[in-house]
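Okay, so here's the structure we're looking at.
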Protein chains: 2
Amino acid sequence: MYSISEVAEQLDIKPHTLRYYEREGIIEPDRNKNGNRYFTEAHVNWLTFVKKLRETQMPITQIKEYANLYLEGEHTSLQRLQLLEDHQRSIQEQIHNLKTTDEMLERKISLYKEHLRTKEPN
Amino acid sequence: MYSISEVAEQLDIKPHTLRYYEREGIIEPDRNKNGNRYFTEAHVNWLTFVKKLRETQMPITQIKEYANLYLEGEHTSLQRLQLLEDHQRSIQEQIHNLKTTDEMLERKISLYKEHLRTKEPN
DNA sequence: AGTTGCCTTAAAGTAAACTTTAACCTTTAT
DNA sequence: ATAAAGGTTAAAGTTTACTTTAAGGCAACT
């Protein structure tokens with residue numbers, strides 16, 4: 001069981017952001033008698049996954065959708081699978097796009113280097 | 001020479017966005033006698049490049065920096081090269097990050113599929 | 001008892017990159 | 001000459017994902 005600040009430090013997410021995620025319905029931590037949030041290992045695993053999804057541009061709304069499906073139980077696994085597959089496709093598009101621009105930059109950089117080699121140096 | 005709406009259509013960027021880019025100092029189109037913007041082939045090439053940079057997450061401020069260096073002339077080519085190299089590094093990091101998550105998703109997707117195969121179908 | 005530190009909530013603020021609105025002017029077609 | 005199409009500007013609004021502020025509660029050390 002981890003306190004909000006422990007989880008925040010572990011995952012490098014601010015406590016406020018974790019509360020925001022709760023408001024958004026992305027996570028529902030347990031509470032102790034004082035009303036303080038407590039996170040289990042499972043919560044931390046889920047948040048780690050969420051972080052990965054965010055880092056790869058999945059919008060909060062979609063993450064929430066996935067979370068809701070999970071809470072609805074077993075019978076939503078097909079929909080969850082489809083959500084993940086959609087996101088995987090988005091990731092692969094992103095990779096493709098980045099690679100294309102990487103190549104373009106590579107060419108442009110070569111030209112700059114060539115130019116700097118042949119011009120009189122400063 | 002293209003009007004703002006022609007360029008907008010060609011590049012799939014709204015006219016307003018082009019004006020916004022101008023305010024930000026990213027582009028300086030020519031003007032005709034009526035004050036209307038006119039874009040040359042060179043302008044379009046530059047905007048195409050800008051679009052690629054934006055699509056790969058280069059912030060407007062950095063693009064502006066590159067544009068300013070270009071306008072300052074020849075003697076800034078080393079700095080421009082460095083800007084491009086920095087961005088290339090950022091792109092490669094993004095690719096790496098995306099690939100990692102892609103693999104994680106691949107594993108998770110397999111588990112879901114396995115699960116759906118073995119459970120009684122709906 | 002007081003202060004420090006961490007917690008709570010609700011609500012307002014921020015940053016980036018546009019996007020929309022409002023008010024107006026020109027040119028072209030009818 | 002009048003309306004439609006498309007241009008102009010400045011300024012306000014939007015979206016997403018937080019982040020900060022305000023106002024306060026609780027517990028533990030000194």
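Throughout, a chain's letter reflects where its sequence line sits, starting with A, and its residues are numbered from 1.
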Worksheet, complete the sentence: note: A/Gln62, atom CD; D/dT15, atom P; distance rounded to Å ~ 18 Å
Practice prompt. Tell me, with the steps shown, if A/Lys113 and B/Glu85 meet salt bridge (charged side-chain N to carboxylate O under 4.0 Å, His left out).
Written response: CA-CA 11 Å; A/Lys113 284 184 172 164; B/Glu85 283 180 333; 3.5 Å; yes
Taking only N/O atoms, report every protein-nucleotides 19-21 of chain D pair under 3.5 Å with atom names and distance.
{"unit_1": "D/dT19", "atom_1": "OP2", "unit_2": "A/Thr17", "atom_2": "OG1", "d": "2.9"}
{"unit_1": "D/dT20", "atom_1": "OP2", "unit_2": "A/Lys14", "atom_2": "NZ", "d": "3.4"}
{"unit_1": "D/dT21", "atom_1": "O4", "unit_2": "A/His16", "atom_2": "NE2", "d": "3.3"}

Discussion item. Counting the atoms with a prime plus P, OP1 and OP2 as sugar-phosphate, which does A/Tyr21 contact under 4.0 Å by heavy atoms, base, sugar-phosphate, or nothing?
Written reply: sugar-phosphate
Discussion item. Using whole Å, what does the distance between atom P of nucleotide D/dC18 and atom CG of A/Leu47 come to?
Written reply: 12 Å
Item to complete: Run the salt-bridge test on A/Lys99 and A/Asp102 with the 4.0 Å N-O cut-off and return the result as yes or no.
Response: no
Worksheet entry | Backbone N/O of B/Ile13 and side chain of B/Thr17: donor-acceptor pair under 3.5 Å | no
Worksheet item: So what does B/Arg19 hit on the nucleic acid, given a heavy-atom distance under 4.0 Å: a base, only sugar-phosphate, or nothing?
Response: base
Fill in: side chain to side chain donor-acceptor pair (under 3.5 Å) partner of B/Ser90, chosen from B/Glu93, B/Gln94, B/Gln88, B/Gln92
B/Gln94
Item to complete: Tell me what B/Arg54 touches on the nucleic acid: a base, only sugar-phosphate, or nothing, going by heavy atoms under 4.0 Å.
Response: sugar-phosphate
Worksheet entry | Rounded distance in Å - CD (A/Glu9) to P (C/dC7) | 11 Å
Worksheet entry | Separation of C/dG5 C1' from A/Asn36 CG (nearest whole Å) | 12 Å
Discussion item. Tell me whether the side-chain N/O atoms of A/Arg37 come closer than 4.0 Å to OP1 or OP2 in C/dC6.
Written reply: no
Practice prompt. Mind calculating the distance between NZ (B/Lys64) and P (C/dC18) to the nearest angstrom?
Written response: 13 Å
Worksheet item: On DNA chain D, nearest-nucleotide positions of B/Ser3 versus A/Gln57: which is more 5'?
Response: B/Ser3
Worksheet item: Is it the case that more than 12 heavy atoms not belonging to B/Gln82 sit under 6.0 Å from its CD atom?
Response: yes
Worksheet item: Quick one: do B/Leu18 and B/Tyr38 end up in the same hydrophobic cluster if we chain Ile, Leu, Val, Met, Phe, Trp and Tyr together by side-chain heavy atoms under 4.5 Å apart?
Response: no
Worksheet entry | Spacing of B/Glu24 atom CD relative to C/dA16 atom P, expressed in whole Å | 10 Å
Worksheet item: Starting at the 5' end of DNA chain C and moving along, which residue's nearest nucleotide shows up first, B/Thr61 or B/Asn34?
Response: B/Thr61
Item to complete: Check the distance between D/dG7's P and B/Leu18's CG and give it to me in whole angstrom.
Response: 11 Å
Response to the item:
B/Leu11 CG to C/dC18 C1', in whole Å, measures 16 Å
Item to complete: Give B/Pro59 one of three labels, base, sugar-phosphate or nothing, depending on what nucleic acid heavy atoms sit under 4.0 Å from its own.
Response: sugar-phosphate
Fill in: Side-chain cluster (under 4.5 Å, hydrophobic types only) that B/Leu111 belongs to, other residues
none
